[in-house]
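What you see is a predicted model; the values in this text were computed from it and never measured.
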Protein chains: 2
Amino acid sequence: MDTPLREPTFLILTALATEPMHGYGLIGEVAALSDGRVALRPGTLYGALDRLVDAGLVDVEREEVVDGRLRRYYRLTPAGEATLSSETDRLRRNVEAATARLRERATGATAPRLAGGLA
Amino acid sequence: MDTPLREPTFLILTALATEPMHGYGLIGEVAALSDGRVALRPGTLYGALDRLVDAGLVDVEREEVVDGRLRRYYRLTPAGEATLSSETDRLRRNVEAATARLRERATGATAPRLAGGLA
DNA sequence: CGGCCTTGTAACGCCCCCCGATATACCTTC
DNA sequence: GAAGGTATATCGGGGGGCGTTACAAGGCCG
């Protein structure tokens, strides 16, 4: 998994950063994190969790049965924390670059810094 | 296009925010923007540009022939600027959420705010 | 008792991205 | 002046994450 994380995956890791949660609970947590913008469906969620477990970014902390339903609790691994951290940095740099250029544009500036500069 | 932009597309829009550029030039500009992390290949670039033009986020400003080679200059449209702006906001919120949780975790805090804490 | 809620499973298609190969016309090199 | 490299754009194949839909199974509520 050297591909950059997509939004659903990123938010799942973020949700798990605080404390372990079970799959279905993540649906609500991710929705809360994203102000309701990202509404995960089961197919998306469990597919992503399986991939994350395969990649070693997340593991199963425990399973319990509540009211006859299985609850499987997922937890962020140290590798998952490292990945979330570096992905966050990557996104932050992109946000800063875009913000700078949008601001520059808004003020009508006409002096590009990076453009075509270094071959 | 209500799907979130992926990184290559996002960086292309960011590169175009400063001034119109031709396709091949964008390869270098996106590389510079991302500190060399994102090295677009022609197939990726032009595919993305075609999709962006179809979506109305980018249009062709002009074409010129230099040294017998065609240069097609692409420009950010108002819709493209709006999209880039809102995408940037979205990313910023994600970055802030992840940063907060990672910091909370680093300091060993055990008081989640959003999480279904009372389970 | 019947229907809804909760939690997890399974199968299928789409779309974006990645890559490699190709076309062409200059410019350099010998 | 022919051969090869460079700049610029095009085309087609393939893969992986995500969305979607349907389904299973057992409690709770009316």
Original post:
Could you give the CD1-to-P distance, from Ile27(A) to dC5(C), as a whole number of Å?
Top reply: 14 Å
**OP:** Using a strict cut-off of less than 4.0 Å between a Lys/Arg side-chain nitrogen and an Asp/Glu carboxylate oxygen, indicate whether Arg93(A) and Glu96(A) qualify as a salt bridge.
**Re:** no
Subject >> Atom-pair distance (CG on Leu52(B); C1' on dC16(C)), nearest Å >> reply: 11 Å
**OP:** Ignoring backbone atoms, test whether Thr9(B) places a side-chain nitrogen or oxygen under 4.0 Å from the OP1 or OP2 oxygen of dC17(C).
**Re:** yes
Subject >> With Tyr73(A), the side-chain contact (heavy atoms from CB on, under 4.5 Å) member among Glu64(A), Glu19(A), Glu63(A) >> reply: Glu64(A)
Original post:
Does a side-chain N-to-carboxylate-O contact under 4.0 Å join Arg51(A) and Asp54(A)?
Top reply: no
**OP:** For dC18(D), take OP1 and OP2 only and decide whether either is under 4.0 Å from a side-chain N or O of Arg51(A).
**Re:** yes
Original post:
Could you state the CZ-C1' distance from Phe10(A) to dC18(D), rounded to the nearest angstrom?
Top reply: 17 Å
Subject >> Residues Glu87(A), Arg90(A): salt bridge by 4.0 Å N-O rule >> reply: yes
Original post:
Within this structure, what is the CD-to-C1' distance between Glu7(A) and dG16(D), rounded to whole angstrom?
Top reply: 18 Å
Original post:
Does the side chain of Phe10(A) reach to within under 4.5 Å of the side chain of Leu91(A), using non-hydrogen atoms?
Top reply: yes
**OP:** Would you kindly give the CG-to-C1' distance between Leu5(A) and dC18(D), to the nearest whole Å?
**Re:** 14 Å
Original post:
Rounded to whole angstroms, how far apart are CZ on Arg41(B) and C1' on dG12(D)?
Top reply: 16 Å
Original post:
With no hydrogens and no angle check, is any side-chain donor or acceptor of Thr44(A) less than 3.5 Å from a backbone partner on Leu40(A)?
Top reply: no
Subject >> Which nucleotide in dC28(D), dT20(D), dG19(D) has an atom nearest any side-chain atom of Asp67(A) >> reply: dC28(D)
Original post:
What integer distance in Å separates Leu11(A):CG from dG17(D):P?
Top reply: 17 Å
Might you list the N or O atoms of the protein lying below 3.5 Å from N or O atoms in nucleotides 6-12 of chain C, with each pair's distance?
from: dT6(C); atom 1: O2; to: Arg69(A); atom 2: NE; distance (Å): 3.1
from: dT7(C); atom 1: OP1; to: Arg71(A); atom 2: NE; distance (Å): 2.9
from: dT7(C); atom 1: OP1; to: Arg71(A); atom 2: NH2; distance (Å): 2.7
from: dT7(C); atom 1: O3'; to: Leu70(A); atom 2: O; distance (Å): 2.7
from: dG8(C); atom 1: OP1; to: Arg72(A); atom 2: N; distance (Å): 2.6
from: dG8(C); atom 1: OP2; to: Gly23(A); atom 2: N; distance (Å): 3.4
from: dG8(C); atom 1: OP2; to: Tyr24(A); atom 2: N; distance (Å): 2.8
from: dG8(C); atom 1: OP2; to: Tyr46(A); atom 2: OH; distance (Å): 2.5
from: dG8(C); atom 1: O5'; to: Tyr46(A); atom 2: OH; distance (Å): 3.3
from: dT9(C); atom 1: OP1; to: Arg72(A); atom 2: NH1; distance (Å): 2.8
from: dT9(C); atom 1: OP1; to: Arg72(A); atom 2: NH2; distance (Å): 3.0
from: dT9(C); atom 1: OP2; to: Arg72(A); atom 2: NH1; distance (Å): 3.4

